[in-house]
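Each remark here refers to the structure printed beneath this line.
Residue numbering restarts at 1 for every chain, and letters A, B, ... go by the order of the sequence lines.
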There are 2 protein chains.
Amino acid sequence: MEIGEFAVMVESAVAAHEVVIAFVHCQITYSGRAEAFLGRGDRIIMIKADATVIVHQPEGSVPINYMRPGSAIDLERIDEHLMMHVRNDKEHSFLDIEIFRAYDAASRRLDDGQKQDLAGNERDMSDWIRDNPACIGADFKPISREEQTDVGFIDVFGHDGTGRLVVVECKRITASLMAVDQLRRYVERVKMIKGSQAVTGVLAAPSITPNALEMLSSWGFRFCRVEAPKRLERWSRDQKKIFEY
Amino acid sequence: MEIGEFAVMVESAVAAHEVVIAFVHCQITYSGRAEAFLGRGDRIIMIKADATVIVHQPEGSVPINYMRPGSAIDLERIDEHLMMHVRNDKEHSFLDIEIFRAYDAASRRLDDGQKQDLAGNERDMSDWIRDNPACIGADFKPISREEQTDVGFIDVFGHDGTGRLVVVECKRITASLMAVDQLRRYVERVKMIKGSQAVTGVLAAPSITPNALEMLSSWGFRFCRVEAPKRLERWSRDQKKIFEY
DNA sequence: TACTACATCTCGCAT
DNA sequence: ATGCGAGGTGTAGTA
């Protein structure tokens, strides 16, 4: 694709808030929260309707460069090259893509107002614990869940039969040292605010790392094996049969 | 673009490890670490040379769905639709993209062996502190930096003039409560292993939140204002003039 | 492989 | 605007 033709296409598509995709050979300079340089190679450039710019290499799941929505996109012709300047003045960042060749490009207006419905997150997990408190302890009585109490964001907050307060921290994946740090901070906060030492912590997760379990125990806290529930599991179970053949 | 033609193009491109980009109207079902459904709308599908699959909506900087490298991609014709099944058996996940229309698509073999050279990360920051220890304290003497010592991952580890050990934790952006948690854990670990109470902590960051500063002080630790250095700032400063006009 | 911590993390929610 | 924590986080480094 001739570079001048490519430039015209990109400029008109960006002006019309179309989505643009291009296969190019380029080198890239970034400056903003960090600074980076990427030498010449083949990449995929995506410009979205909201002026988000994303650059992908031919392999790997994360973009090598990107600029957030609302960037200003300018093209500058330099000899046979095309410099794509992407600026975000508010964030004091820029991305300069020097395009040596444009192999192919496409643009189109796309419409999509849908939002994804997702199940199995940490909120589903704390809901499930509130409704199934016995998984934390036979006498565990939940008081609040994911609410902004006077002690802050605590996933599930309750008390046991003896009147001791219980702070539950949920993790949807293996709990690590950082989860124990967080639980400890919450328990200390509750002790401080309630002016009582009768507070303990429970880490609820599908599993826990050995170091985290050791640290948890050293603070007198407890691990509870809980899986994040998947609301949509009805169809999931059917689909999963595919894996089994 | 006729859906049968699209199917043939995708299958041959995937087999040839080409990169594929398509503008489609589709709905998407995901099951894996969580479960999700996304109703009908226009999206961009990217299939990379390593069988990574990424789906973007027309706005926003993050993909709405993705499958990691090494996925199995199968197409199934259902009446006038096309079902793209993406499976990753190892991760027990799948992505089903029901494509109602393929507006446009392109594929191409892309070559890129380049790696990005990046400056201004946390490692650069700990390097800089090691080489400029006075920023931590007039008598601070660094011993190690980002090394796996017998006390674990500590950004910069040293001692002050009085023989007291100093643990430095670096954050390239504003330090929060979690950074203080981390520093406290490291200091406790060093106290335990060295069997000494003469250990203190320093949090080095460009700024710190009020709560984090309060917690830091309550543990007897100290905040040090340090910016992540940008090795490439030579050209950066020149380019930044653009912002000023 | 599991564990740990960084990331130009991004995003949402609440103050 | 800032603070805080989740994320289908992903990725790199290391044991």
Closest to side chain of A:Phe153, choosing from C:dC6, C:dA14, C:dT4: C:dA14
Euclidean distance, atom OH of residue A:Tyr30 to atom P of C:dA7 [Å, nearest integer]: 12 Å
Between D:dG8 (C1') and A:Met125 (CE): distance, integer Å: 15 Å
Under-4.0 Å side-chain N/O to phosphate OP1/OP2 contact, A:Thr209 with C:dT4: yes
Length of the line joining A:Gln116:CD and C:dC11:C1', which is rounded to integer Å: 14 Å
N/O (side chain, A:Thr174) to phosphate O (OP1/OP2, C:dC3) under 4.0 Å: no
Any B:Arg33 side-chain nitrogen or oxygen under 4.0 Å from OP1 or OP2 of D:dG10: yes
Interatomic distance, A:Tyr186 OH vs D:dG5 C1' [rounded to whole Å]: 6 Å
Interatomic distance where CG belongs to B:Leu183 and C1' belongs to C:dT4 [whole Å]: 17 Å
SB check A:Asp89 A:Arg87 (cutoff 4.0 Å): yes
CD/A:Glu227: more than 12 non-hydrogen atoms of other groups inside 6.0 Å: yes
Closest to side chain of A:Arg172, choosing from C:dC9, D:dC4, D:dG7: D:dG7
Check: C:dT8 base within 3.5 Å donor-acceptor of B:Asn121 side chain: no
Nucleotide of D:dC4, D:dG10, C:dA7 approaching A:Ser61 most closely (side-chain heavy atoms): D:dG10
Along DNA chain D (nearest heavy atom to each residue), the more 5'-positioned of B:Glu146 and A:Ile173: A:Ile173
Sugar-phosphate only, base, or nothing, as touched by A:Asn65 at under 4.0 Å among non-hydrogen atoms: base
Interatomic distance, A:Gln182 CD vs D:dC4 C1' [rounded to whole Å]: 10 Å
